[in-house]
Amino acid sequence: MPATASIRKQMDALRTQLHYHAHRYHVLDEPQIPDAEYDRLFRELQQLELEHPELLTADSPTQRVGGKALDGFAKVRHKVPMLSIRTETDIEETGAQSFDARVRRELGLQGSAPPVEYVAELKFDGLAINLRYEHGVLVQAATRGDGEIGEDVTQNIRTIGQIPLRLPADAPAVLEVRGEVYMRRDDFEKLNEVQRQKIAGGAKAEKTFVNPRNAAAGAVRQLDPAIARQRPLSFFTYGWGEVTPAEQGGPVFETQYQAMSTLGSWGLPVSNRTQLAVGAAELIAYHRAVGTERDVLPFDIDGVVYKVNSLALQRQLGFVTREPRWAVAHKFPAQEQMTTVQAIEVQVGRTGKLTPVAKLAPVFVGGVTVTNATLHNEDEIRRKDVRIGDTVIVRRAGDVIPEVVSVVIDQRPSNAPIFTMPALCPVCGSQAVREEGEVDHRCTGGLFCGAQRKQAILHFAQRRALDIEGLGDKLVDQLVDANVIRTLPDLYRLGLTSLAALDRMADKSAQNVLDGLERSKRTTLARFLFGLGIRHCGEATAKDLARVFGGLDAIMDAGVEQLLEVPDIGPVVAQSIHTFFCQLHNCEVVEQLRACGVTWEEGPAQARAPRPLAGKTIVLTGTLPTLSRDEAKDLLEAAGAKVAGSVSKKTDYVVAGTEAGSKLDKARELNVPVLDEQGLREMLNGSA
Ligand code: IVH
């Protein structure tokens, strides 16, 4: 039948694809597609085989558990097969419910029967290992392989500090421990950094790893134990294989939980998130709790695992093909997915930083639909070689901005051009430059660049700068989009009519904005300087400049040498300030702001005001009776002190008000003198 022929063809194609990707994953440790994509192809084939059992072949990837062994390692036949577990693809809470319902049905439990007790565990994202101990000594470690035959990786596993090489005397004569070898995220980042440096140093054979799991798998199956040793691995226990039976003096395991505690007592690492859960409700609660913690755990997990706690019930439930009926993996939404790059756009930030962003075909990943992924900078694009039209793996973990992990090279369209950063700012057409030693390209357009304008206005209006009440981001968006405001001085030229004409702006609120603008005109030199948004000129630098130079003209006229005389100003900052005031359009903005009535009191250069606290570092904590935090900070800084955010041995004083917390404790612990507001005032007067 032609229908069957075409289905057979489809199934053949799926099998070929799955074999190819399984080889890349299991043997080469270089997967080309995300797990979720592999799972999708796998399920598609499984479904077809279910509908057409006559077309099922013995060599179908659905008929085996794991991957093939790499040639370099000795083969190990597992005494007890290493099984896999059924995956609950239902990402909703119903996954736990349907597992519990299945277990109850298969155990013949009535609705009125008490809830089943489970063990809930993390599903670690690494690779399964069998550790064989004989008379308490680790004699062999093997990968799962195809579940029957794995690879002897004893040498490499011995390098994992967390795995005991010897067990205490009460351990049984034979004990096989099963668990997951994984790499912590911080270890993974460090390893990749080392790899990158090796590549930069010209080491051709080195590569960076796509994720911690591949790095772990690569390390375990690394043929050179000297290299394996340099790859930091960790281990968690979640089960066992062959164990001396109780009647021959072996341990009496009655529940999963008790077995885990016993293994833990013998020095094997068991996660402290392994816990008992009674009935479906507690499984759901566990799934939910772990889901919220997922991103703050120090290692990757891809779900949770539920297991029936009683081993007697486990035996009663038994297995279907290669999967136990007493356990299930309940996954979380995948954090990696495949999609295509439709375009690469360049976005401009407040300081002119140009960020390349991949515009993606919409894809559901990490629980949301993603259409943009940052490509960070030119070097990152080069390193990953991302091009328009490419199929890529996108990762979104937690609230982190989605990013492109890697390119599926063999799906690249021919003639996909290499992306280069534009020579001109895509928004204002000014020159875009990449300074030496920097990774970012920047638009040199400053306050004239349209994209920087919104950000620059918000920066100018913020509380610690000109403090313009009522000028929020929605309003700034409207004002800039409608071209009502092009430069900062335009703010002070706003009239009631143009404001009230904006969306959702009543006369009253328009008047409030005008009042806020009027009030902001009386400011200080430091606030004004900070508000200009000069690169590298933060609040503290602005205050230093104002104090040392006394007036704006002196600052605008200062050369780099003079700027360098200001304490705490280094060459980069000095150059940046000088360059800013060398640009005519920036000077015009300053003049116009002054012409609009923005004023401040100027002081003498090198104000000879007493600086009783020069060189002192002070930390503020709690609520002071009369001074706000900002006021106290201003007073202290004017007196020459540095106000720090946390207490250390270098802190000279802590000024504490009511409800002071851990900073006060820390001060006491380190014997740092603690003052109240009265003490602060005395110190400022130089009388303390
Ligand atoms: S139990 C018979 N528990 O997930 C049950 N597996 O197919 C055997 N995994 O590759 C597995 N965390 O390496 C179990 N807490 C956990 C696990 C876990 C991760 C891995 C295991 C295997 C796959 C299950």
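We number each residue from 1, following the sequence as shown. Indexing begins at 1, ligand by ligand and atom by atom, following the structure's order. No experiment lies behind these values; they were computed from the predicted model shown.
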[atom]: the protein heavy-atom neighbour that sits closest, reported with distance to 0.1 Å:
atom	answer
atom 3 (N) of ligand 1	Lys307 NZ, 3.1 Å
atom 8 (C) of ligand 1	Leu83 O, 3.8 Å
atom 11 (C) of ligand 1	Tyr238 CE1, 3.8 Å
atom 7 (O) of ligand 1	Ile85 N, 3.0 Å
atom 4 (O) of ligand 1	Lys123 NZ, 3.1 Å
atom 20 (C) of ligand 1	Glu180 OE1, 3.5 Å
atom 15 (N) of ligand 1	Glu121 OE1, 2.7 Å
atom 12 (N) of ligand 1	Phe124 N, 3.1 Å

### Task
Tell me which part of Leu122 gets within contact of ligand 1: side chain, backbone, both or neither, using heavy atoms under 4.0 Å.
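Just the backbone.
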
### Message
Enumerate the ring-ring contact (aromatic ring centres under 6.0 Å, His included) contacts for residues 130-153, please, sequence neighbours excluded, ordered by first and then second residue.
### Response
none

### Query
For ligand 1, which atoms have a heavy atom of Ala128 less than 4.0 angstrom away?
13 (O)

### Ligand-side contact atoms (ligand 1) for residue partner Ser84, heavy atom cut-off under 4.0 Å
7 (O)

### Message
In this structure, does ligand 1 have an atom that sits under 4.0 Å from one of the heavy atoms of Pro324?
### Response
yes

### Message
For Tyr286 and Tyr118, I'd like to know if the aromatic rings sit close, meaning centre-to-centre distance below 6.0 Å.
### Response
no

### Query
Between Phe236 and Phe299, is the ring centre distance below 6.0 Å?
yes

### Message
Under the rule for ring-ring contact (aromatic ring centres under 6.0 Å, His included), what residues qualify as partners of Trp240, not counting sequence neighbours?
### Response
Phe253

#### Entry: Whether Tyr238 and Phe124 hold their rings parallel, tilted or perpendicular, with breakpoints at 30° and 60°
parallel

### Task
For the pair Phe332 and His287, name the ring-plane relationship: parallel under 30°, tilted 30 to 60°, perpendicular over 60°.
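Answer is tilted, since the angle falls between 30° and 60°.
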
### Between Glu37 and His21: side-chain donor-acceptor atoms closer than 3.5 Å
no

### Query
Can any side-chain N or O of Asn192 pair as donor or acceptor with the backbone N or O of Phe209 at less than 3.5 Å?
yes

